[in-house]
Amino acid sequence: MTSTDRYAVFGHPIKHSKSPRIHTIFAEQTGQTLVYSAQDVPAEHFQAAVAQFFAGGGKGLNCTVPLKELAWAYADAKTERAHTAKAVNTLALQADGSVLGDNTDGIGLVTDLTVNHGVTLARCRILILGAGGASRGIITPILEQSPTTIVIANRTIAKAIDLAVEFQGKGCIEGCGFDDLKSKQFDLIINATSSSLSGQLPPLPDELLAQNGVCYDLAYSNEATVFVRWGQEKQAQKSLDGLGMLVEQAAEAFFIWRGIRPET
Ligand code: NDP
């Protein structure tokens, strides 16, 4: 007897996750038979919940806030991009029973920007706001696109500097505080802080966005986020939220699990 392949997203909170809907649509579209559910898993229960999921026949997991670092530690082996991100959003059961960890967030962002929205990252001056897990995950895939420079600005300045130091040697990258952004200009500003979630905006100088520049908020919501609105006010060529990134990171996870790329 064969049972339907099971996948899930673990997070805390998880109620509003769009992942079950996205993966169910991908499965229908590609003719794959699978079920994908959402499970509320607090950090202290993560290890036991993952072990139980795979022992019970689960094939793959997505992990979201606040579990990505725990998933990184859980994985028996990691892809290079997960290794440098120090965070895992996709776990995949392997044929030998081991669990592979990957991070598809960065490639999801780059695909959304470059393929869906036609933004060229090569020779681009890029500012990343925030130095948390999401920032760490997007740096390597962005550097691979050969931007002129990446500046990471964060409220806690030491975290921005430490993060930049980690990636030095792979490209031109520096860390600073928001006050150091005065008189600087960027072609692409990525908001990777979680401030949009509370309707707040980091303190940004008026002239920060270059002419024809692009703004991208990793956060997404049914209405324009406060950072997307900031970009619109500053006459950004495009001011985008992170829904496209969410769909693209899901497509990459789907490909890892099923070997088929869904239409995004
Ligand atoms: P973390 O908690 O790891 O990091 C949060 C970052 O935001 C830190 O740099 C923190 O600064 C900064 N921050 C928080 N509040 C403020 C504030 N009021 N003003 C200025 N800076 C602030 O979160 P993640 O990196 O995991 O996630 C960041 C965002 O990215 C979230 O909105 C998340 O939803 C989104 N995301 C979207 C994805 C998608 O697919 N679209 C995928 C992954 C993440 P400090 O260090 O000083 O505390």
Side-chain angles (χ1 to χ4, degrees), residues 9-23 38 43 62-72 81-82 84-90 102-113 116-117 127-142 150-164 166 175-181 189-205 208 215-228 230 239-254 264:
V9 58
F10 285 4
H12 183 69
I14 201 65
K15 214 169 56 198
H16 300 294
S17 173
K18 295 184 192 296
S19 293
R21 181 150 169 243
I22 293 170
H23 281 280
N62 284 135
C63 299
T64 186
V65 177
L67 307 173
K68 291 183 188 181
E69 286 79 13
L70 292 171
W72 186 87
R81 62 192 179 194
T84 53
K86 290 195 179 147
V88 155
N89 75 337
T90 304
D102 201 350
N103 188 317
T104 66
D105 283 339
I107 193 70
L109 170 68
V110 169
T111 303
D112 193 38
L113 274 168
N116 299 340
H117 296 289
L127 171 64
I128 299 176
L129 304 169
S135 293
R136 180 183 286 284
I138 63 177
I139 291 172
T140 299
I142 291 176
I150 296 181
V151 172
I152 305 167
N154 197 42
R155 182 174 60 181
T156 311
I157 302 173
K159 277 172 69 180
I161 293 171
D162 289 351
L163 195 54
E166 252 186 72
C176 66
F178 296 128
D179 282 350
D180 303 308
L181 296 175
I189 304 177
I190 298 169
N191 181 25
T193 72
S194 49
S195 62
S196 284
L197 300 175
S198 53
Q200 289 177 302
L201 195 65
L204 303 175
L208 193 60
C215 288
Y216 195 104
D217 197 344
L218 263 49
Y220 51 87
S221 122
N222 290 337
E223 289 97 42
T225 67
V226 62
F227 180 71
V228 166
W230 183 86
S239 195
L240 307 162
D241 75 14
L243 185 60
M245 172 180 174
L246 180 79
V247 173
E248 293 298 343
Q249 64 76 29
E252 193 70 20
F254 193 90
T264 54

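First listed ligand is number 1; within each ligand, the first listed atom is number 1.
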Between A219 and D241, which heavy-atom pair has the shortest distance, and what is it?
O-CB, 3.4 Å

Any protein heavy atom lying closer than 4.0 Å to atom 2 (O) of ligand 1?
no

Based purely on interatomic distance, does A131 place a nitrogen or oxygen under 3.5 Å from a nitrogen or oxygen of ligand 1?
yes

Backbone or side chain, does any N or O of R155 fall under 3.5 Å from an N or O of ligand 1?
yes

Heavy atoms of the protein only: does one fall short of 4.0 Å from atom 26 (O) of ligand 1?
yes

Which residue and non-hydrogen atom of the protein lie closest to atom 46 (O) of ligand 1, and at what distance in Å?
K159 NZ, 2.7 Å

Find all atoms of ligand 1 within a distance of less than 4.0 Å from any non-hydrogen atom belonging to G132, and give their numbers and elements.
3 (O), 4 (O), 9 (O), 25 (O)

for atom 30 (O) of ligand 1, nearest protein heavy atom and its distance come out as L218 CB, 3.6 Å

Considering only heavy atoms of Y220, which atoms of ligand 1 have at least one such atom less than 4.0 Å away?
41 (N)

Flag the pair L163 / S135 as yes when at least one side-chain heavy-atom distance between them is below 4.5 Å, and no otherwise.
yes

Would you say the side chain of H12 lies within less than 4.5 Å of the side chain of P66, judging by non-hydrogen atoms?
yes

Nearest heavy-atom pair of A251 and T264: which atoms, and what distance?
CB-CG2, 3.5 Å

Looking at every heavy atom in both I150 and I139, which two are closest together, and how far apart are they?
CD1-O, 4.5 Å

Heavy-atom distances under 4.0 Å are what count here, so tell me which part of S196 touches ligand 1: side chain, backbone, both or neither.
neither

May I ask you to check whether N154 has an N/O atom sitting below 3.5 Å from an N/O atom of ligand 1?
yes

Given that the side chain starts at C-beta and the backbone is N, CA, C, O, which of these parts of T156 lies under 4.0 Å from ligand 1, counting heavy atoms, or is it both or neither?
both

Please determine if Q200 has a nitrogen or oxygen closer than 3.5 Å to a nitrogen or oxygen of ligand 1.
yes

Measuring to protein heavy atoms, does anything land under 4.0 Å from atom 42 (C) of ligand 1?
yes

When you compare the side chains of S19 and N62, does any donor N or O come within less than 3.5 Å of an acceptor on the partner?
no

Side-chain touch N191/C215, heavy atoms, less than 4.5 angstrom
no

Side-chain heavy atoms of D105 within contact of M245, under 4.5 Å:
yes

With side chains defined as the heavy atoms from C-beta onward, is the minimum distance between C176 and V151 less than 4.5 Å?
yes

Examine G133 against ligand 1 and note whether any of their N/O atoms are separated by less than 3.5 Å.
yes

Atom 5 (C) of ligand 1 sits nearest the protein heavy atom S194 OG, 3.5 Å

Where do E69 and R136 land on the salt bridge (Lys or Arg N to Asp or Glu O under 4.0 Å) test, with the steps shown first?
CA-CA 11 Å; E69 286 79 13; R136 180 183 286 284; over 6 Å; no

Compute the shortest N/O to N/O distance between G130 and ligand 1 and return yes if it is under 3.5 Å, no if not.
no

F10 side chain near L70 side chain, heavy-atom distance below 4.5 Å
no

Of all protein heavy atoms, the one nearest atom 12 (C) of ligand 1 is T193 CB, 3.7 Å

Under 3.5 Å: N/O of A134 near N/O of ligand 1
yes

All heavy atoms of L240 vs all of V228, minimum pair found to be O-CG2, 3.5 Å

With heavy atoms of A219 as the reference, note each atom of ligand 1 found under 4.0 Å away.
32 (O)

Residue, atom name and distance, where the atom is the protein heavy atom closest to atom 32 (O) of ligand 1:
L197 CD1, 3.5 Å

Hey, which atoms in ligand 1 end up nearer than 4.0 Å to a heavy atom of S195?
16 (C), 17 (C), 18 (N), 19 (N)

Going by heavy-atom distance to atom 28 (C) of ligand 1, choose the closest among A192, P203, A160, S221.
A192

Within the 4.5 Å heavy-atom criterion, are K159 and I152 side-chain neighbours or not?
no

Under 3.5 Å: N/O of K68 near N/O of ligand 1:
no

Does any part of the side chain of F178, heavy atoms only, come nearer than 4.5 Å to the side chain of D180, both counted from C-beta?
no

